[in-house]
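Throughout, protein chains are lettered first and strands after them, A, B, ... in sequence-line order, and every chain is numbered starting at 1. Basis for what follows: all heavy atoms, side chains included, without hydrogens, waters or symmetry-related copies.
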Number of protein chains: 2
Amino acid sequence: MTKPTRFLDPTVTVDVVIFTVEDGALKALIIKRAREPFQGSPALPGGFIRRGETSVTAAERILADKAGVKDVYLEQLYTFDEPHRDPRGPVFSVTYFALAPRDEIRIAETAETQKPRFSPVSALPKLAFDHNNIIGYAVERLRSKLEYTNAAYSLLPKSFTLTELQKIYEAIVNRDLDKRNFRKKFKELGLIEPTGSKSKGGRRRPAELYRFKSRKPRMLKKFF
Amino acid sequence: MTKPTRFLDPTVTVDVVIFTVEDGALKALIIKRAREPFQGSPALPGGFIRRGETSVTAAERILADKAGVKDVYLEQLYTFDEPHRDPRGPVFSVTYFALAPRDEIRIAETAETQKPRFSPVSALPKLAFDHNNIIGYAVERLRSKLEYTNAAYSLLPKSFTLTELQKIYEAIVNRDLDKRNFRKKFKELGLIEPTGSKSKGGRRRPAELYRFKSRKPRMLKKFF
DNA sequence: GTAATAAGTGTATTTAATACACTTATTGTC
DNA sequence: GACAATAAGTGTATTAAATACACTTATTAC
């Protein structure tokens, strides 16, 4: 395709905010950059889009390579293109966010991305580029998303207790929820069903285990 | 910036869905393409990003050139990059949507974009590229946006009657709203105030004119 | 004066959200 | 085997928000 040079020919990258909930806190996957620019800085996993890829398939590749998961919840977030966000020149970043249960994720180190780890979104280090902004925006989107969709299923293992479910919500919306109201609301939504078995272990009453009836994204009236 | 060719080097364009409400219907600005591909087809106003521009400033330029407005509501929508959306090759479209009162818009024809007109979103022709998809997505976003923000101010002239305000809402959410409930709700939100003057003309009772206290975007609990 | 038109106004009902505290099942310890 | 510890589980009353619904008023044209 021919195009006069008076047009901007930006480089296009994809960055992915991979969320999970661990120890009652909402966390995002952070890697350490092996190369310039920002060599050694913590950053989001991401990179150039390869030939034959779309931005989604690039995001899926990053998810598979860095977190060892596929078929998880993945949604385009925003395209960041502030002129000086990358010292190399005009670089557009098409960003995505993903949700996965902690126990399905296998963090993997690659040549370009060292020491990957989950960092609580409430205590992130200063990240490369505008990546702090990107995560901030993703957290906002996730919070509002949770209020009118069943997206939380993406953060939970196949079976879970109602208390675990509530803790996920509390971690994301960042406030305590009333136990009885939460359970009432969730049960009448009809999204989950008891598995029939109970949690074991610990010096306490065992809890009923539940599963989501469907793991397809759905819109809902309102959650809490 | 050096980059191996195994990476995708997409062209990046900006397309803008310019919404207004006219004759009680939600409409979007549609132009006719003067060039290939899709020469002669109706399409969204848009084009390449120029050197020195970001996607937002390109969207602002398109708004100024095609609709003669600036400082209107403008929000990034989504980045479309399906591999075959443009016959020329991989073209990313960073899309925006804008809201402006019909009476502030001055439609202008340019060399590349002929016969611009507002078309009701409920009866769009088949558009070039994936532009029908883009508008569909924008309408969805606008509808949900209206439920929890004061964004409607962007579609109204400086002063307006409560009936005009209600008609805008009805046009967008595509259903009738109750007059008494609508007025009650809107008044207690405290976003508008009477100007003191009244509408004139016509064989009917004159209506109180209102204005928005603030024309800044705001988040609200819920609208209707 | 009256016909036509849209403006304007209030209450009762239904539904959803919130606040709130005790009992139960289990395990480990003495 | 009693009891201490722990988290699971459960219902009702109150408050707030959403909805449903119909007549009167101000003006203009004829």
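- The ring-ring contact (aromatic ring centres under 6.0 Å, His included) test applied to B:Y73 returns no partner, not counting sequence neighbours.
- For D:dT19, its base sits under 3.5 Å from the side chain of B:K184 at one donor and acceptor pair at least.
- Every residue meeting the ring-ring contact (aromatic ring centres under 6.0 Å, His included) condition with A:Y78, not counting sequence neighbours, appears here in chain and number order: A:F80, A:Y137.
- Listed by first then second residue, pairs satisfying side chain to side chain donor-acceptor pair (under 3.5 Å) with a partner in residues 14-25 of chain B read B:D15-B:S93, B:E22-B:K27, B:E22-B:R102, not counting sequence neighbours.
- A donor N or O paired with an acceptor N or O is not found under 3.5 Å between the base of D:dT27 and the side-chain atoms of B:K200.
- Atom CD of A:E147 and atom P of C:dA17 are 11 Å apart (whole Å).
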task: Between protein and nucleotides 1-9 of chain C, map the contacts as a letter string: B base, S sugar-phosphate only, - none, heavy atoms under 4.0 Å, written 5' to 3'.
output: ---BBBBBB
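- Remark: P of C:dA17 and CZ of A:F186 are 14 Å apart, rounded to the nearest angstrom.
- Judged by distance alone, with hydrogens and angles left aside, the side-chain atoms of A:T149 form no donor-acceptor pair with the main-chain N or O of A:L146 at under 3.5 Å.
- For A:D176 and C:dT18, the CG to P distance is 14 Å, given to the nearest whole Å.
- Remark: P of D:dT12 and CG of A:N181 are 14 Å apart, rounded to the nearest angstrom.
- Protein atom CZ of A:F182 is 16 Å distant from nucleotide atom P of C:dA19, rounded to whole Å.
- Scored by the ring-ring contact (aromatic ring centres under 6.0 Å, His included) test, A:Y210 finds no partners at all (sequence neighbours excluded).
- Evaluation of the salt bridge (Lys or Arg N to Asp or Glu O under 4.0 Å) test over residues 74-83 of chain B, restricted to residues two or more places apart or in two chains, returns B:E75-B:R141, B:E75-B:K145.
- The distance from atom NZ of B:K185 to atom P of D:dA16 is 16 Å, rounded to the nearest whole Å.
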